[in-house]
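Here the structure is a predicted model, which means the values were calculated and not measured. Reminder, nothing fancy here: chain letters follow the sequence lines and each chain counts from 1.
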Amino acid sequence: MTLWEELTARGLIAQVTDEEEIKELVNNGKATFYIGFDPTADSLHVGHFMALCLMKRLQMAGNKPIALLGGGTGMIGDPSGRTDMRKMLTKEDIQHNIDCFKQQMSRFIDFSDGKAIMVNNADWLLNLNYVELLREVGAHFSVNRMLTAECYKQRMERGLSFLEFNYMIMQSYDFYMLYQKYGCNMQFGGDDQWSNMLGGTELIRRKLNKDAYAMTITLLLNSEGKKMGKTASGAVWLDPNKTSPFDFYQYWRNVDDSDVIKCMKLLTFLPLEQIQEMEAWEGSQLNKAKEILAYELTNLVHGEEEAKKAQEAARALFGGGADSANMPTTELTDADFTDGAVDLISLLVKAELVGTRSEGRRAIEQGGVTLDGEKIMDVKYVVAKEALTGDGKVLKRGKKKFNKIIVK
RNA sequence: GGAUGGUUUCCCGAGUGGCCAAAGGGGACAGACUGUAAAUCUGCUGGCAACGCCUUCGGUGGUUCGAAUCCACCACCAUCCA
């Protein structure tokens, strides 16, 4: 199976400019391609992860990846697919975020010996001369055309600042620069980047009279059409300090039935034949598939050791096993006790299972709190210090949030 | 620059002087049912030392016994005009 066939079979490809040419380049390892990452946060998330995986697949097939960090474009903010303006980032934030990105990326992509390059568009964007740029590049863009671009549609109603309007031009300029500097002939990106990417191929055609290609990756949407990789409290991050390996594992363990196979194809490196077998699975059997998905992804992002730990902790908690060795733990000290005891609500707060005491009280009243498997509905319940020494106790709030409490 | 309309709790959105911690919906959370899924039903959704108290309705002042509601100024957003 060729690389192209595999990408297609996995459903990774959304749109392409020239299928035949791209197929040819990619299959034969002749593509030098780039993917841009704007430093909008201090960690990569699942969307970035998909892009990195694609990068890796192509790299393995002999193509040369360029990871572009948006030190310059991050100063502007991409309006694509957004209903309101992004918060403007300070230069310091951007630099910090770039440093974080770099670190995380090098875990996935091999940058040694020029097998891949990492560049920062701040290097050329920040020194641009306004009038010169307008004459050199601006002349090639039609405002009429830009306004009809899909990426601005949502913003035409809510308002679009001139700053953000220029994002497309910056991104196009990136491609143009990379084409000249590194012979970069292809750009990949999320499907919401399509218009921006076309801007680049157009610019190269007009300025250099050369062909360059663009291809977008399917956006990871759930069966309801919403972006995946988001939780109530924000994105699912790749940084273990922002999203713990266990939470990361659980996120995938809990995807809807209807999304498992799709995630498997889009996000893992499991062979297609194996995934096809799972497609036949039904009902509770899908739980097995979810476990595999969660393990695979945690393994890719956090390594084998963390993946095993997360899996064991999950099995212990939901499978009724007694092994609580790998559970997230809260350690208490003497200062947490008054008269050798601590009340249950405080315990919930200390373990960060609830945000406020009121929330804790509510959880208890509604029968959502158990201590070592025993349901407690008394709001005034008090736990003695002795009960928490030794192996400690497992405090659980709801079905999926829990913490082992132990006295140090 | 001018005119008009707007800014309400996580989101949408009611409320136009006391009965307002603020209707309704969504989401989130908890319970039942399940498979750590979905659907459904129920509860719940500012905080706290909790039959009470404190903080909240863009910001700052003011009127009033009493303000999310009235007044003034400021900020931001939308539409139309220039």
Using the [atom1] atom as the point on both nucleotides, what is the distance between [M] and [N], in whole Å?
N	M	atom1	result
U4(B)	C19(B)	C1'	34 Å
U7(B)	G58(B)	C1'	6 Å
U45(B)	A22(B)	C1'	14 Å
C57(B)	U9(B)	P	9 Å
G17(B)	C71(B)	P	11 Å
G62(B)	C10(B)	C1'	33 Å
A14(B)	G26(B)	C1'	15 Å
A38(B)	G47(B)	P	26 Å

Could you tell me the Watson-Crick or G-U partner of [N], where both distances fall under 3.5 Å? Say none if there is no partner.
N	answer
A49(B)	none
C20(B)	none
A3(B)	U79(B)
A14(B)	none
G61(B)	C71(B)

Please give, in whole Å, the distance from [N] [atom2] to [X] [atom1]?
X	N	atom1	atom2	result
Ile364(A)	A50(B)	CD1	P	15 Å
Asp343(A)	C48(B)	CG	C1'	14 Å
Ile376(A)	A30(B)	CD1	P	17 Å
Met377(A)	A30(B)	CE	P	14 Å

Taking O4'-C1'-N9-C4 for purines and O4'-C1'-N1-C2 for pyrimidines, is C51(B) syn (within 90° of 0) or anti?
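Syn, angle within 90° of zero.
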
Tell me whether the NZ or CZ atom of Arg57(A) lies within the 45° cone about the ring axis of Phe269(A) and under 6.0 Å from its centre.
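Arg57(A) over Phe269(A) ring: yes.
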
Would you mind checking if [Y] and [X] are paired as a salt bridge, meaning a charged N to carboxylate O distance below 4.0 Å?
X	Y	value
Glu312(A)	Arg315(A)	no
Glu202(A)	Arg145(A)	yes
Lys290(A)	Asp257(A)	yes

How do Lys401(A) and Arg357(A) order along RNA chain B: which one's closest nucleotide is nearer the 5' end?
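Mapping each residue to its closest nucleotide by heavy atoms, the 5'-most match is Lys401(A).
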
Would you please say whether a donor-acceptor pair under 3.5 Å links the side chains of Gln193(A) and Asp78(A)?
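The answer is yes; a qualifying pair exists.
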
Reckon Ser358(A) touches a base, only the sugar-phosphate, or nothing at all at heavy-atom distances under 4.0 Å?
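Since a base atom lies under 4.0 Å of Ser358(A), the category is base.
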
Should the ring pair Phe248(A) and His302(A) be called parallel, tilted or perpendicular, given that the plane angle runs from 0 to 90° and is split at 30 and 60?
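Answer is perpendicular, since the angle exceeds 60°.
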
It should be established whether Arg361(A) places a side-chain nitrogen or oxygen under 4.0 Å from OP1 or OP2 of nucleotide C29(B).
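No, no such contact exists.
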
Please tell me whether Phe108(A) and Phe49(A) form a close aromatic pair, meaning their ring centres lie under 6.0 Å apart.
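So the answer is yes for these two rings.
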
What string of B, S and - do you get for nucleotides 31-38 of chain B 5' to 3' if you count protein non-hydrogen atoms under 4.0 Å?
S--BBBBS

I'd like to know if the side chain of Asn27(A) reaches the main chain of Trp4(A), judged simply by a donor and an acceptor atom lying under 3.5 Å from each other, with no hydrogens or angles considered.
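Yes, because the side chain of Asn27(A) sits within donor-acceptor range (under 3.5 Å) of the backbone of Trp4(A).
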
